[in-house]
Amino acid sequence: MESRELVIVGAGPAGMAAALSAYRKGIKDILLLERDQYLGGILNQCIHPGFGLHHFKEDLTGPEYADRFIKEIEGIKGIEVSLKSFVVHLTGNKVLTYLKPGKLAEVKAKALIMATGCRERTREMVHIPGTRPAGIYPAGLAQKMINIEGWLPGKEVVIVGSGDIGLIMARRFTLEGARVKAVVEIQKESRGLIRNVAQCIEDFEIPLYFLHRILRIYGQDRVEKVTVENIETKESFDITCDTVLISVGLIPENDLVEMAGVELDKATNCPRSVEPIPGIFICGNAYKVYDLVDWVTRDSEKAGKMAAEYIKGLK
Amino acid sequence: MIKKLTCIECPKGCQLEVETDGSHVIRVTGNQCEKGVTYAQQEIEDPRRILTSTILTKGLAVKMLPVRTSVPIPKAKLKEAMDEVKKIRLSGPVEAGTVILRDLLDTGADLIATRRAG
Amino acid sequence: MPLPRPSPYDVLIIGGGVTGAAIARELSRYRLKIALLEKEEELAFGVSKSNSGIIHPGTQNPPDSLKGKLCVQGNILTRRLAKELGVDFREVGELIVIFKDDEMPELLKIKKEAEELGVPRLEIVDGKWLTINEPNLNKEALAALYAPTAGIISPYRLVYDLSENAQNNGVEIFLSHRVTGILRKTGTYEVQTDKIPFKSRFVINAAGLFADEVSRLVGGDDYTIKPRKGEEYLLDKKLENITRHLLFPLPSPTSKGILVIKTADGNPMIGPTAEDFDNKGDTATSDAGLNKVLENAQKLVPSISGRDIIAYFAGLRPVAGNDFIIRHLDKSPGFIDVAGIQSPGLTAAPAIALMVADLLKRNGLELKKKLFFKKHRRPSVHLFAIPFEKTRKLIKKDPAYGEIVCRCEMVSAKEVRDAIKRGAHTLDGIKFRTRAQAGRCHGGFCTTRVMKIMAEELKLKTTEITKRGKGSEIVKDSRDGK
């Protein structure tokens, strides 16, 4: 079994900030595990600007924000980056098991930082009655398809939920030549930034329905239409479409810490503290869902410092 | 007349009230900083947007390279700009910040890479 | 896909669900030329994919029914089949639970009828037994009928493993071939499809929801298949051990009721509803269905909450009256109906297959055993089901076992490629075989990865990759045209 001072799971903005912060505090043996084939996490698919206004005092796109940290990490020998590395097991004693092509490894860490981000709430988790055709995607998956793979998931889109990801994708689809026929929001105002409503919805004159919900999805093999209902008046109308995008929230990914014995809040899936087990720290979206990456960086740097203090305290 | 705008310069999204004669700005209220005023002026006289998109690469490790315009371009040219962007096939390696195309559609804006691709 | 033989087949099976696949595998023991036609893009895409995966002990069937006899037989045969094919079968036992004293006579009646059928080791257990052995069951439960021989299996993995073994023993399978007509010419059937015609001496109608329509093609007109919809709701895998047995209420006239069950993949499942519909294509779920299922499931296990639901679907039971219709259609010699195979059809499948073989024999088909029948199948690898030490050895042999594609279910790229080699060529086909896309994030992480592997292995354009066949393409356009 390998022994490391600090192991960080996830090399998105949280993991990278934590790694750099711990390094600057004197920890020179850091293993940074990332399941994708590049660093940067979700920022790689967030190609729009709005990142770094606080941290860098610049308006950067997601990849540009990530690039600042990636460049720093690549210059540091004490931070070992392991890509395509997937943690499958974690114990409360800080023993991790991870898989990568050609290898299954066990590592014992003095301290651990979990920066595992979020997963999206899917159609399956929110009951939208109807059939289960192709064409129903969580907004982040559609974003990955378009921005990372260059695939257009659909041509006539209805978006469920007016959170930031849904709003951003309304613009993205429109720019790619698709028609966004509606954004349907069950609450009385947008869950996302007002700025995004302006530059993603109003700019393109996309109908935004508040206090509405999707009553039913139709289509046997591919989405054909949806019925939309005004939740107050109960009036409903149909919108033909071939795609339904689901943007109804994020869920912190904490399966691993749960495995290690950490109790999560049942409603939010969040841990109850940054250090739920001595020496195991959680930062970034895995700790709580942030609205700006700048705050992720700020808090993850703190977590990196705390991990460094913890390790130094062991000696 | 009074036009209501959301400032998009930063995530705050201040709700601006802009007194205008149709083509010029007389007064701006609701802004929390100077950027709101310049935004309002620009938006009334000549609305512009930063365009972000992706371009296809050839033979690079990153299949779709994210790009942005260096400065905002006229809102009315967004669609045309997208058509131009879709035509590009990038084969050489780039760093974040590398200029892919100079002066996109005579707007004065360059198209720059926002990510390294080797 | 091969072209059909010019000379007639001995047996042509219409329908590639668990019934058709079990029959194909059974007949592949004999020296026969066998073809199986399936109208969907992959096997099990009809009725079988919505199956609960329960191997019933045989309770709740009339003593003189085919359902009852074949279920009891099937319960035993499935265990052996599972070993031979390398598919997991787990015996978990079932409890039919009552809450009131006046329900006891019905429970005893169920017990008696089951014993007449030969269901073994039944016993009535009391509240104390239930508290110890089923701790999350509603404390108000009075008693239950305990049938220890109930089990769980993956219904679609069973279909794929049966059919793979059948193919290995010479059965030819034709996917996306829908039967459009059947003619009888001098002792041979000509079965017309939307693609090419097939000739066969015997025809087995295992066409699920459409068995009545197929039967009508040869003049069989004495039954109709009425779809009875069942909505099912899957719970988070975290609750895998919320129950130890399959929990049943007392049955209703049209169904065994809304259950709280365990599934072979670990997720508990609640449901199904039972609603008669006219439309053989209507598999929509509904708010009313969700509420009914949740309400009834909570009667059995009060701690279940709506928040635990992570997925849902609906299936259609092919109902043809009260019993299976398994018979030689005398007015059309050589044609065998295997219709109305609703619950306990999965359990009964291997027994149905034996009965069909017997019917064929009695109606003129010579069954000569092959010298070499490959009865075993090399089991598929599922990383999530094996200890890390074994995974380490596998990775040494093939590094691609270390490349994780689906994070929720821990599925490697190698497993996905193997599934494709074994016949999967749609996203659903890969999901049913490997569990990739079936976990908590429902494909949010792995869909693009799985699609890229499919494009590579199947030489498809991204725009040609489907969820479950033509019409269900995932992506409308691709920047690089690939």
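Side chains included, hydrogens not; waters and symmetry mates left out as well; all remaining heavy atoms used. Protein chains get the first letters and strands the later ones, always in sequence-line order, with residue 1 at the start of each.
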Peer 1: Between B:Glu95, B:Arg49, B:Lys79, which residue shows the highest count of heavy-atom pairs closer than 4.5 Å to chain A?
Peer 2: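 With the most close heavy-atom pairs to chain A, the winner is B:Arg49.
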Peer 1: Quick one about B:Thr54 and A:Arg172 (side-chain donor to acceptor, distance below 3.5 Å, no hydrogens or angles considered), yes or no?
Peer 2: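 Yes, a side-chain donor-acceptor pair sits under 3.5 Å.
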Peer 1: Please flag which part of B:Lys75 lies under 4.5 Å from any non-hydrogen atom of chain A: side chain, backbone, both or neither.
Peer 2: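 Just its side chain gets close to chain A.
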Peer 1: Does any backbone or side-chain atom of A:Glu176 lie under 4.5 Å from a heavy atom of chain B? Answer side chain, backbone, both or neither.
Peer 2: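 For A:Glu176, heavy atoms of backbone and side chain both lie under 4.5 Å from chain B.
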Peer 1: Just verifying a value: how many Å separate B:Ile50 CD1 and A:Gln199 CD, rounded to the nearest 0.5 Å?
Peer 2: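 It is 10.0 Å, given to the nearest 0.5 Å.
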Peer 1: Tell me, out of A:Ile148, A:Val197, A:Leu175, A:Asp67, who's got the most heavy-atom pairs with chain B below 4.5 Å.
Peer 2: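 Option with the greatest count: A:Leu175.
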Peer 1: In terms of heavy-atom proximity below 4.5 Å to chain B, should A:Asn147 be classed as side chain, backbone, both, or neither?
Peer 2: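 Contact with chain B is through both the backbone and side chain of A:Asn147.
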Peer 1: About how many Å separate CZ of B:Arg116 and CD1 of A:Ile70, when rounded to the nearest 0.5 Å?
Peer 2: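 If we round to the nearest 0.5 Å, A:Ile70:CD1 and B:Arg116:CZ are 7.0 Å apart.
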Peer 1: Between B:Thr114, B:Ile55, B:Thr6, which residue shows the highest count of heavy-atom pairs closer than 4.5 Å to chain A?
Peer 2: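 Option with the greatest count: B:Thr114.
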Peer 1: Is the number of heavy atoms from other residues, nucleotides or ligands under 6.0 Å of A:Arg298 CZ greater than 12?
Peer 2: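 Above 12, so yes.
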Peer 1: What part of A:Asn196 gets within 4.5 angstrom of chain B, counting heavy atoms only: side chain, backbone, both, or neither?
Peer 2: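 For A:Asn196, no heavy atom lies under 4.5 Å from chain B.
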Peer 1: Identify the two heavy atoms, one from A:Leu193 and one from B:Pro11, that lie closest to each other, and give their separation to 0.1 Å.
Peer 2: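 Heavy atoms only, the tightest pair is CD2-O, 3.8 Å.
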Peer 1: Which region of A:Glu149, side chain (C-beta onward) or backbone (N, CA, C, O), has a non-hydrogen atom less than 4.5 Å from a non-hydrogen atom of chain B, or is it both or neither?
Peer 2: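 Looking at A:Glu149, backbone and side chain both touch chain B.
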Peer 1: For A:Arg24, does the CZ atom have more than 12 heavy-atom neighbours from other residues, nucleotides or ligands under 6.0 Å away?
Peer 2: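 Atom CZ in A:Arg24 is packed in, count exceeds 12.
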Peer 1: Would you mind checking which part of A:Tyr65 comes under 4.5 Å of any heavy atom in chain B, side chain (CB onward), backbone (N, CA, C, O), both or neither?
Peer 2: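 Contact with chain B is absent: no heavy atom of A:Tyr65 under 4.5 Å.
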Peer 1: Measure across A:Pro63 and B:Arg115 and return the closest heavy-atom pair with its distance rounded to 0.1 Å.
Peer 2: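 Looking at all heavy atoms of both residues, the closest pair is CB-CB, 4.0 Å.
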Peer 1: Is it true that atom CZ of A:Arg179 has more than 12 heavy atoms of other residues, nucleotides or ligands lying nearer than 6.0 Å?
Peer 2: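 Count not over threshold, so no.
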Peer 1: To the nearest 0.5 Å, what is the distance between CZ (A:Phe204) and CG (B:Leu78)?
Peer 2: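 The CZ atom of A:Phe204 sits 6.0 Å away from the CG atom of B:Leu78.
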Peer 1: Take atom NZ of B:Lys77 as the centre, draw a 6.0 Å sphere, and report whether it contains more than 12 heavy atoms from other residues, nucleotides or ligands.
Peer 2: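 Atom NZ in B:Lys77 is packed in, count exceeds 12.
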Peer 1: Nearest 0.5 angstrom please: B:Thr52 OG1 to A:Ile168 CD1, how far?
Peer 2: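 The CD1 atom of A:Ile168 is 8.0 Å from OG1 of B:Thr52, to the nearest 0.5 Å.
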Peer 1: Counting heavy-atom pairs under 4.5 Å with chain B, which one of A:Gln37, A:Glu202, A:Glu74, A:Arg171 comes out on top?
Peer 2: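 Looking at each of A:Gln37, A:Glu202, A:Glu74, A:Arg171 in turn, A:Glu74 comes out on top.
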Peer 1: Name the region of A:Leu53, side chain, backbone, both or neither, that has any atom closer than 4.5 Å to a heavy atom of chain B.
Peer 2: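 Just the side chain, heavy atoms under 4.5 Å.
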Peer 1: Taking atom NZ as the centre, does A:Lys181 end up with more than 12 heavy-atom neighbours from other residues, nucleotides or ligands that are less than 6.0 angstrom away?
Peer 2: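 Counting neighbours around NZ of A:Lys181, more than 12 heavy atoms of other residues, nucleotides or ligands fall under 6.0 Å, so yes.
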